[in-house]
Amino acid sequence: MNCPDDGILRAHLDGELEGTELTEARQHLATCGDCDARIKKLTAEKAGAGDLLASLAPDRAQTAVQPAVAYAQFKNQFVTTSEPQPSWIARWFAPRLRPAWGLATAALLVAAALGVSPVRTWAQHVLALLRVQKIAVVTIDPSTLMNGGDSDARPYKLINQFIADNVVVVKEPGKSEVAGSMAQAAQMAGYPVRTIGSLGTPQTIEVSGDTRFHMTLNRSRIETLLEEVGRSDIRVPKSADGALIDVQIPKIVIATYGDCPARPSASHSESHAEAMAHRKMERMAVVKGNDCTYLIQAVSPTVSVPPNLNMSQIAEAALELAGMNSTDARVLCQTVDWSSTLVVPIPRDAGTSQTVTVDGVPGTLITETLTQGNRYSLLWIKGGVIHSLSGRGDASDALKLAASLE
Amino acid sequence: MGTAEIASRSLSMTMHKSPSGHWDESAFRALFLQHYARIVGVLVRVLGDRTQAEEVANSAFWRLYRQPDLQTDSNIGGWLYRTATNLGIDALRASGRRRQYEDAAARDMNEGAAEVTVAQGPLDHVLREEQAERVREILALIKPAQAQLLVLRASGLSYKELAEALEVKMSGIGTMLNRAEQEFRTRYLALHPNEENL
């Protein structure tokens, strides 16, 4: 029999020969002096390299790997966040999203997405930001991201998807209720409400249910989102990761005056299609020059955030996303008290703002110049209630109406 | 995630059309629990860092997750070892150890000085870790396939497991090990001529 090659000798050394191979090798090696020498050489070489490679073994002091924990982390990191989402559309219509559609979109960036049109929807959305005591207006460039605020636009969808996946509704607002009079509305809402005397009886008065939801921020998910919308340059503060944000929104009183588009009463359970149709109708109303005025009143929502969450950095990121340049965003974020200020982003070239006196307190008047005519939105806070008066016309129309508040 | 990554993922998605299209969650979990600790063990050897090892292990499992057709593959373990060590050795080579090493070697040659083992402390593990780093430097220099074989063998894989992981015949493992160790020794001795036990 020929001598086995080094590979077989090596396998023999490693105890990896079996069956006839092993028997044959044993028989041969018992009588082969050459092979004996080769084995000795191979043994020495194997030992030398083996000792060195053995130094790679992990330190025994290292904590044991816990596969179950690792699996939970793995799922969290990859599977739940990056899985292809065929249910995109289904999720869009998911019941838990509907209140979010109406209310959770109050997040600053979405408010920016909505732009200033339609005014009412916008006002409704921006109300739910913080415990609001002051209002500040910032100018943004919506063309950077939220082109036209079209809710079919991809960034908008991504953001809504993000909200749908992360928002947990604790309390459903239910259907809005129709109030017979402002007095009744005040009773239902639990706080005093005003009306505009010169416009007579409101066409409709609705009181939306109070709602509560929370949202857990996931930094990597946010960064993925930013990457997808092409803004990976925006930095998300570390403190945001895992932060639980709790939002309570009290009842909101919405009164309409004049020639307003018909609106489904169950505003917060609108499906996406209904909401879209509704927004289109509102736009049409603007185009047709319908003279519709909205007065929206609400006490401040309460937003609870972990004490270590750096709101200023979050807001800076959000403002940058909304289209503010980073220097302006930084400056603003260092001067604004985020615990009490509602920041209203208005697109550059689409609107202007000024501070006015309304109802005896300082208010913010935003005017938009549209081809179909001007629109205004007047925001003020009095007695803890946030007021938003909006309609067709310019600053003087707004102030005239405000003067007749009852 | 880089473009190449996306491309390779979508490629693998189209190449491997699976009957079900996605993993059975409990089957995947079972595989994860079965192989994870050992995969991390191998990668700690390659990378010398537990956190990095876990990241690379996750990345390997993620690739597995993206290829649900593999659930009918009888050699998933082998696939995982191969993929994980490929990723690990890529990371090792990318970590700059080679360059550091080559710089160090050049410096030694210029000074005409042999490698001096500096005992920085009485602790064995310090010396051991220095030794391990020298080994990793060599692993980053040799052919990736050989480095892969040596690391998997050092992690305790049998010839059968090695054959499955490397998709080679079991009868060829002995020869491959001899050659890989020979290469390893040659490189090591060239850079550390004072080592006596080789």
Side-chain angles (χ1 to χ4, degrees), chain A residues 4-18 21 25 38-39 41-84 86 220 223-224 227-228 232, chain B residues 1 13 22-23 25 28-29 32-41 44-46 48 50 53-54 57-59 61-62 65 125 127-136 138-139 150-151 153-155 158-160 170-182 184-185 188 195 197-198:
Chain A
D5 67 25
D6 280 359
I8 291 175
L9 291 182
R10 173 58 189 260
H12 181 60
L13 270 181
D14 285 340
E16 291 278 356
L17 289 184
E18 290 173 346
E21 268 191 323
R38 279 166 59 209
I39 288 228
K41 183 169 173 278
L42 281 173
T43 307
E45 287 172 353
K46 171 179 133 93
D51 285 351
L52 286 174
L53 288 160
S55 70
L56 297 176
D59 195 333
R60 273 171 213 82
Q62 280 201 4
T63 50
V65 177
Q66 295 186 299
V69 175
Y71 181 69
Q73 287 165 344
F74 174 83
K75 268 208 77 158
N76 192 37
Q77 187 185 351
F78 293 93
V79 179
T80 53
T81 58
S82 308
E83 206 177 3
S220 68
E223 282 170 345
T224 306
E227 202 175 300
E228 286 207 51
S232 49
Chain B
M1 179 168 41
M13 299 274 281
H22 54 82
W23 270 94
E25 208 63 44
F28 185 81
R29 182 171 184 274
F32 191 101
L33 297 183
Q34 184 189 345
H35 294 288
Y36 186 79
R38 216 167 163 205
I39 296 277
V40 170
V44 169
R45 284 176 168 84
V46 177
R50 170 77 171 270
E54 288 181 359
N58 278 350
S59 171
F61 277 100
W62 170 242
Y65 191 82
H125 82 259
L127 294 174
R128 186 182 158 91
E129 199 37 55
E130 284 177 1
Q131 177 69 276
E133 272 305 300
R134 286 197 290 271
V135 171
R136 287 185 191 107
I138 305 302
L139 290 176
L150 291 177
V151 165
R153 180 61 184 165
S155 305
S158 69
Y159 277 29
K160 181 170 182 292
M170 196 172 141
S171 60
I173 297 288
T175 305
M176 288 170 66
L177 273 173
N178 285 338
R179 283 185 190 152
E181 284 175 2
Q182 180 62 48
F184 178 85
R185 268 197 311 276
Y188 194 94
E195 293 279 343
N197 57 348
L198 281 175

Would you call A:Glu18 and B:Lys160 a salt bridge, using N to O less than 4.0 angstrom?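 Looking at A:Glu18 and B:Lys160, the cut-off is not met.
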
Side chain proximity check, A:Leu53 to B:Val135, heavy atoms < 4.5 angstrom: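 Side chain of A:Leu53 against side chain of B:Val135, heavy atoms only: contact under 4.5 Å found.
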
Side chain to side chain, B:Ile138 and A:Leu52, heavy atoms closer than 4.5 Å: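 Not touching, per the 4.5 Å side-chain cut-off.
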
Step through the shown structure and confirm whether more than 12 heavy atoms of other residues, nucleotides or ligands are within 6.0 Å of CZ on A:Arg38.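 Yes, enclosed.
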
Can you tell which part of [X] gets under 4.5 Å to a heavy atom of chain A, answering side chain, backbone, both or neither?
{"X": "B:Ser158", "result": "both"}
{"X": "B:Arg153", "result": "side chain"}
{"X": "B:Gln182", "result": "side chain"}

Chain A: which of B:Gly41, B:Ala154, B:Ala37 shares the most heavy-atom pairs with it under 4.5 Å?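 The candidate making the most pairs under 4.5 Å is B:Ala37.
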
Relative to chain A, which of B:Arg29, B:Met176, B:Met170 shows the most heavy atom pairs under 4.5 Å?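 Result: the option with the highest number of such pairs is B:Arg29.
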
With A:Ser55, the side chain to side chain contact (heavy atoms under 4.5 Å, CB included) member among B:Glu130, B:Arg45, B:Gln131: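 Answer after filtering B:Glu130, B:Arg45, B:Gln131: B:Gln131.
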
Heavy-atom distance under 4.5 Å to chain B: side chain of A:Leu42, backbone, both or neither?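 For A:Leu42, the side chain is the part near chain B, not the backbone.
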
Between A:Ala57 and chain B, with a heavy-atom cut-off of 4.5 Å, which part of the residue counts as in contact: side chain, backbone, both or neither?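 Contact with chain B: backbone and side chain both.
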
From [X] [atom1] over to [Y] [atom2], what is the distance, rounded to the nearest 0.5 angstrom?
{"X": "B:Thr175", "Y": "A:Asp6", "atom1": "OG1", "atom2": "CG", "value": "7.5 Å"}
{"X": "A:Asp14", "Y": "B:Ile173", "atom1": "CG", "atom2": "CD1", "value": "10.5 Å"}
{"X": "B:Asn178", "Y": "A:Arg10", "atom1": "CG", "atom2": "CZ", "value": "5.5 Å"}

For the backbone of B:Tyr159 and the side chain of A:Glu16, can you confirm whether one donor and one acceptor N or O come within less than 3.5 Å of each other?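 Indeed, once roles are kept as given, a pair shorter than 3.5 Å links the two residues.
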
Contact summary for [X] and [Y], nearest pair of heavy atoms:
{"X": "A:Pro67", "Y": "B:Phe32", "value": "O-CE2, 3.6 Å"}
{"X": "A:Lys46", "Y": "B:Arg185", "value": "N-NH1, 4.4 Å"}
{"X": "B:Glu181", "Y": "A:Ala49", "value": "CG-CB, 3.9 Å"}

